Amino acid sequence: MDIVPFGRIERSLNAHYDAFVRRVLTEKELSYCQGKRMVERVAGRVAAKEAVMKVLGEGWPRVPWTDIEILSGERGRPVVHMGGKALQHMKGAGLSLIDVSITHDSGLAIAIALGLGGVSPGGPSD
């Protein structure tokens with residue numbers, strides 16, 4: 001689980017926009033986050049990525065932020081896509097899927113991640 005205040009993200013975007021978004025977001029995530037709700041959406045992605053890193057037992061810089069991608073799936077539900085070192089750590093931990101949930105309230109983005117073993121994206125394996 002992780003909590004990220006909107007203010008922390010707003011300060012980072014205002015002070016170091018290009019460097020911050022290149023370090024933290026993939027191109028697809030940046031495209032999704034653009035617009036009026038950018039701070040809220042970026043805060044949600046950061047909280048979700050930090051929660052995923054906790055599930056992996058590894059944090060940044062060992063796992064680059066962009067090796068974890070949080071996109072919107074069906075009906076806006078967040079979906080985790082792993083790549084690079086994050087995928088290696090996930091497999092090394094015996095996990096086949098990481099699921100996340102993100103919510104926003106009172107200037108905070110809150111995310112929880114759950115690592116599952118022996119599960120394919122379509123459901124439990126036999």
Side-chain angles (χ1 to χ4, degrees):
M1 180 174 184
D2 200 76
I3 300 171
V4 174
F6 293 176
R8 173 179 142 202
I9 299 303
E10 189 168 30
R11 285 188 299 277
S12 294
L13 289 170
N14 288 337
H16 311 286
Y17 180 88
D18 289 333
F20 179 73
V21 297
R22 272 195 316 271
R23 188 183 82 212
V24 175
L25 301 174
T26 67
E27 288 296 322
K28 289 179 183 177
E29 289 172 322
L30 180 58
S31 177
Y32 171 78
C33 291
Q34 295 291 341
K36 287 184 178 181
R37 296 175 53 200
M38 183 168 192
V39 170
E40 175 185 329
R41 288 179 171 177
V42 172
R45 265 69 199 151
V46 169
K49 290 180 182 207
E50 288 181 353
V52 168
M53 287 183 195
K54 290 173 182 174
V55 168
L56 296 176
E58 298 290 340
W60 181 84
R62 290 198 53 168
V63 174
W65 290 91
T66 55
D67 281 3
I68 302 166
E69 185 175 57
I70 312 294
L71 300 176
S72 288
E74 193 174 314
R75 297 184 197 140
R77 182 179 180 272
V79 178
V80 180
H81 296 273
M82 305 290 277
K85 290 182 181 180
L87 181 59
Q88 291 172 358
H89 286 288
M90 184 176 92
K91 288 181 177 182
L95 302 173
S96 57
L97 180 70
I98 297 179
D99 201 9
V100 297
S101 181
I102 304 169
T103 191
H104 307 87
D105 191 29
S106 302
L108 299 171
I110 303 151
I112 189 164
L114 177 66
L116 303 167
V119 176
S120 65
S125 62
D126 294 328

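As a basis for the values below, the full set of heavy atoms in this structure was taken, side chains included, without hydrogen atoms, waters or symmetry mates. Just so you know, residue 1 is the first one in the sequence shown, and it goes up from there. All values reported here derive from a predicted model rather than from experimental measurement.
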D105 atom CG, neighbour heavy-atom count above 12 within 6.0 Å | no
Point-to-point distance, once rounded to the nearest 0.5 Å, from CZ of R22 to OH of Y17 = 10.5 Å
Exactly one of R45, E27, M38 clears side-chain contact (heavy atoms from CB on, under 4.5 Å) with Y32, and that residue is R45
Got more than 12 heavy atoms from elsewhere within 6.0 Å of CZ, R23?
-> yes
Do other residues, nucleotides or ligands put more than 12 heavy atoms under 6.0 Å from Q34 CD?
-> yes
Only one of I68, V42, L71 passes side-chain contact (heavy atoms from CB on, under 4.5 Å) with E29; say which it is.
-> L71
Would you indicate whether the side-chain heavy atoms of I110 and D2 approach each other to under 4.5 Å?
-> no
When rounded to the nearest 0.5 Å, the distance separating CG of L25 from CZ of R41 is 12.5 Å
Do V21 and L13 have side chains that get closer than 4.5 Å, going by heavy atoms?
-> yes
Contacts of D67 that satisfy side-chain hydrogen bond (donor to acceptor under 3.5 Å, both in side chains) - sequence neighbours left out = none
Exam field: side chain H89 to backbone V63, donor-acceptor pair closer than 3.5 Å | no
Heavy-atom nearest pair, M1 first then K54, reads O-NZ, 2.9 Å
